[in-house]
Structure formats: structure tokens, C-alpha cells
K.L.:
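Below is the structure I would like to discuss, written out as C-alpha cells.
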Protein chains: 2
Amino acid sequence: MDKPLETIIVDSILDAIADQRLRAGTKLGEQALSDLFACNRAQVRRSLAALTAYQVVDHLPNRGAYVATPTPDDARDIFQARRAIETVICRNVVRLATQGDIAALREHLRQEQAAKGSDNRPVAVRLSRGFHVMLGRIGRNPVLARYLEELTMRSSLIIGLYAKGHATLCAEDEHARIVDAIESRDEAEAQRLLDEHLRHIEAGISFDDDKPQTGALSAMLRGIRD
Amino acid sequence: MDKPLETIIVDSILDAIADQRLRAGTKLGEQALSDLFACNRAQVRRSLAALTAYQVVDHLPNRGAYVATPTPDDARDIFQARRAIETVICRNVVRLATQGDIAALREHLRQEQAAKGSDNRPVAVRLSRGFHVMLGRIGRNPVLARYLEELTMRSSLIIGLYAKGHATLCAEDEHARIVDAIESRDEAEAQRLLDEHLRHIEAGISFDDDKPQTGALSAMLRGIRD
DNA sequence: TCTTTTTGGATTGTGAACAATCTGTGTTAT
DNA sequence: ATAACACAGATTGTTCACAATCCAAAAAGA
């Protein structure tokens, strides 16, 4: 099974955004990326075109590609879309989750707990998003799962931009309660808890502060998958 | 206001797919597109990368780009996603639609009626999809609207592939009843009618028949927007 | 000192040539 | 006659060089 390099570039950048290693507004220079991935600019160019289509990168003609900076309006729309999509995903999960799926969710909760204790923010951010992505996979609707991945990525950008100090991560006990409802096959309760959870996340952001700064590219992309 | 050529290429192809002028499986040769749009292959290449990200084009390494051919499973997932998204859009529309919006919808219904009479299939297909896209715009959530555009495009591919003879288009009286419910601000009824409408469309397709043929590219892309 | 202009470096966009891969056709051997 | 092989044409992938554009710092003028 061969992996086209283009896919690796796209996934690496998406991962970095999801983990909040790449912050909104960071310039994605073509030369810099060519050097980092040891490839030619044409491949970088196509990768950036794909990322632009995913709406996580803004492409300004003659000026380059930048990690997207969602506006407060975007944030509202994105979270409304997440509630719409995750509600349906949740229903599918309640109906389709096997015992193995639920065990995997519990294991994930355990890891989230551990990461929270260890005070390792990038890992905690990744796991927190991972819970939602995991639900997407268990729901067995790749179309919805893909949109959810896109939206959680953009949510990471939003949280990185606008989160007020503390409440920046999903409360993992909310995740745990959702798994409980899934296990007891209580569709309405699971959906209610998930909707509430998303509203809590959204409530944890505020748009008062100033725009944050852009960071160095190469340092942020370290930890690229092989 | 300048328009990058790349955007024109992508939009032209998306329009052609939405109107069912481009059918599933059609090969999108780089040279052919370069000639059609009078540009170099690099721009075509980037456009195809974007279309691949939109999931309306499949890219096979060393073999070229083809208009995507959704599977029956894809169809089920896509229509479930449409119900999830359009339900929320519909709620927004009921709450936000101005009198002007409703007048525009009525005008659209009139055009649909006229097109159905004139037996002009491409126009009828475009208008039928246009109704749903219009709801997306009125709902004032660009994130949901964009997903809806993607999903309706893929729906066009599905209907082109699997529709059984007749019931291939939206029944426009269902559209009319939805507008009625919107105008009387009956949220639940509008959502119910829309959900039912989508189920009717999905019920109008069957996966028994053989795969259809691929067509000529240049003829299908005629009618490119300026 | 502040504003405007100019200029140099860097980055993005474009184009064409070359290499690698695939598809279909025709030949040859069993 | 069928199957395997080989070759030719066409298509995709890659590379490199050059043109156009933008940005920032330096220089000139008020």
C-alpha cells in the first residue's frame, strides 16, 4: 500500500492544526514546506489547494497560504453545524455501537483522564478532539464523520484563538456521561448530553480579547508522522 | 474584483455536475481541460485537487481524475446527512426568512413549474436543486450552506446514476408546501415536510440497474459561465 | 521628524521540457 | 485459437528556469 506524499503533507498539517500546534494566521510558505517535506513546490501547491478546499487554509493570490482565522460568526455557524451533525452521529452510535466500541470509548476516557493529570496540553487537546472523532467513526456514516473532522479541526482553531483561560477543553466527565448513556442505549439522553456538552464548549469562548500572534512554522510541524 | 481562473474552472465543473451535464465516471483529462479553459496544466491540476477534496472527483494516481461514482452506501449516508443538515437549515429559515426571501422562493417555484412544463431536463434539474440551495442561503449559516451544496451535488450524481425512470426530480408541490409552512412560521411542520420530501427523493432511486455509460467531456461542459 | 518614493530581496505564478506510467494494439509462441 | 509478450502512443508526474508580484527597508523630499 503506497501513500502519496501529497496525502502525508495534508494530514500532517491537519494534525498540527487539530492539536493546536499550528495556530490561526500562521503563514504556510511554499518553500518552507518544500524543505520540511523534502519535495518540490508543485506537490506543496496541490496540498495547499486541498487544504483550502477543506476551509482550514486561506489562500490569498500572490501572497500565499495562511492557516484560516475563523471569525466569531464562523464560530457560531460551526458550532451550530456540529450540534446538527453530532446529534445524528450520536443516534447512530447508540444504535450501532458494539461492546467493543464501548470498551474502546472507555479506554479513551481513561487516556483523557491521564493526560489531564499530566498537564500535557497538546496531548490533552488531541485526545479531547479524538473522542468526538471516535464517535464519528462508530456512527458508521463516513460522510457525517468527515464533516465532523473538518468542524472539530476548525473548532480547534477557534478555541486556540478565543478560549478564555481555563475552560478550554472538553470536561471529560461530560464525555463519560455520554458514554454511559450510549451504553444504556438511551438515545434521547445521549443526544441531550452531547448537545449540552457542545453548548458548554461554545460558552467557554469569548471574543473580547485581541487577536493572538502567529508562530514559527517549522517548530510547530515537528512530530510529523513518518 | 478579479476572479482567479482556478475558481472558474472549479465552479464550471461543479455546475456541470449539479446540472447532470457531467455524469458519474466521466474522465477529466488534464489536457482536455487545459484546452477547454485555455490555460496550462498546472492550474487544471490544482483545480482537480480542490474538486477531489470536495469529494466529487476521484483521483487515481497515474490514471487521472474521474467524476465520482457514489456507491449505494454513499447514497444512504449522503441522504442521512442531508436530512440532518437541511432540518437545521429549515429551522433557521423559518426564523429568519424575510418577506422578500419568501417572495423569492415563490418566484423560484413559478420557474420550476414552467421548466417542468417545457420538458427541459437540464434546466429542471438545476432549478430543483436550486430550491434547496436557496433555503441554504436564506438560513444564513454559510457552513451548513456549503455542506448542503456539496451534498446536493453528490445527490445529482446519485440520481443520474440510479434514478428509476420517472420520479427523478423533486415534486414541486412538495416544495410549495414547504414554502407555505415557512411563511406561516410553522417550524415543526416545515421540518416534517422537508424530511419527508428528502425521503421521497431517496425512495425514488434503486440500485438494481447496470452502471450507466460515461459521456464526452467537451460537449457536457458547454454553457460554461463567462 | 514625518511622509513619500525607490529599490532590493523574497515569494508566488507560469510555462515548457523531460521522465515515468499506463492503455491498447499487434505480434509471436504454444 | 488463445495466451503471453512487446511495443507505440498517449497521459500523468516531475523538474527547472523565468516572469510577475509583493513586502520591507533604505533614501529622498517637505
Side-chain angles (χ1 to χ4, degrees), chain A residues 1-13 22 24-69 211 213-221, chain B residues 1-13 22 24-69 211 213-221:
Chain A
M1 29 177 167
D2 58 275
K3 288 207 294 182
L5 176 59
E6 191 204 36
T7 306
I8 297 178
I9 299 176
V10 170
D11 288 347
S12 296
I13 294 177
L22 265 179
T26 307
K27 167 144 194 176
L28 300 172
E30 297 185 359
Q31 189 71 311
L33 290 172
S34 303
D35 295 346
L36 271 171
F37 291 95
C39 65
N40 54 27
R41 279 197 319 151
Q43 292 172 305
V44 168
R45 222 147 217 285
R46 282 178 33 123
S47 303
L48 290 176
L51 289 165
T52 302
Y54 287 137
Q55 300 199 306
V56 295
V57 164
D58 285 337
H59 187 85
L60 314 184
N62 287 318
R63 300 192 41 198
Y66 296 81
V67 178
T69 327
K211 291 291 173 62
Q213 72 298 342
T214 157
L217 172 57
S218 58
M220 293 166 171
L221 277 177
Chain B
M1 34 176 168
D2 59 283
K3 289 208 295 183
L5 177 59
E6 191 204 36
T7 306
I8 297 178
I9 299 176
V10 170
D11 288 347
S12 296
I13 294 177
L22 265 181
T26 306
K27 167 145 194 176
L28 299 173
E30 297 185 359
Q31 189 68 5
L33 290 172
S34 304
D35 296 345
L36 271 172
F37 291 95
C39 64
N40 55 26
R41 274 177 48 214
Q43 292 172 304
V44 168
R45 223 144 215 284
R46 284 180 31 126
S47 303
L48 290 176
L51 289 165
T52 302
Y54 287 138
Q55 301 198 306
V56 295
V57 164
D58 285 337
H59 186 85
L60 314 185
N62 286 319
R63 300 193 39 199
Y66 296 81
V67 178
T69 324
K211 291 292 173 62
Q213 72 297 343
T214 157
L217 173 57
S218 58
M220 292 166 172
L221 277 177

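Worth saying up front: this structure is predicted, and the values here are computed from it rather than measured. Lettering of chains follows the sequences in order, A, B, ..., and the numbering in each one begins at 1.
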K.L.:
Would you please name every residue forming a side chain to side chain contact (heavy atoms under 4.5 Å, CB included) with A50(B), sequence neighbours left out?
P.N.:
A53(A), V10(B)

K.L.:
Does the side-chain contact (heavy atoms from CB on, under 4.5 Å) test come out yes or no for Y66(A) and L60(A), once each step is laid out?
P.N.:
CA-CA 8 Å; Y66(A) 296 81; L60(A) 314 184; 4.2 Å; yes

K.L.:
Classify every nucleotide of nucleotides 11-23 of chain C by which part a protein heavy atom approaches to under 4.0 Å, writing B for the base, S for the sugar-phosphate alone and - for neither, in 5'-to-3' order.
P.N.:
SBBBS-----SSS

K.L.:
Sort and list the pairs that fulfil salt bridge (Lys or Arg N to Asp or Glu O under 4.0 Å) and have at least one residue in residues 39-61 of chain B, not counting sequence neighbours.
P.N.:
E6(B)-R46(B), E30(B)-R41(B), E30(B)-R45(B)

K.L.:
What are the two closest heavy atoms between G25(A) and T69(A), and how far apart are they?
P.N.:
N-OG1, 3.8 Å

K.L.:
List the atom of F37(B), the atom of L5(B), and the distance in Å for their closest heavy-atom pair.
P.N.:
O-CD2, 4.5 Å

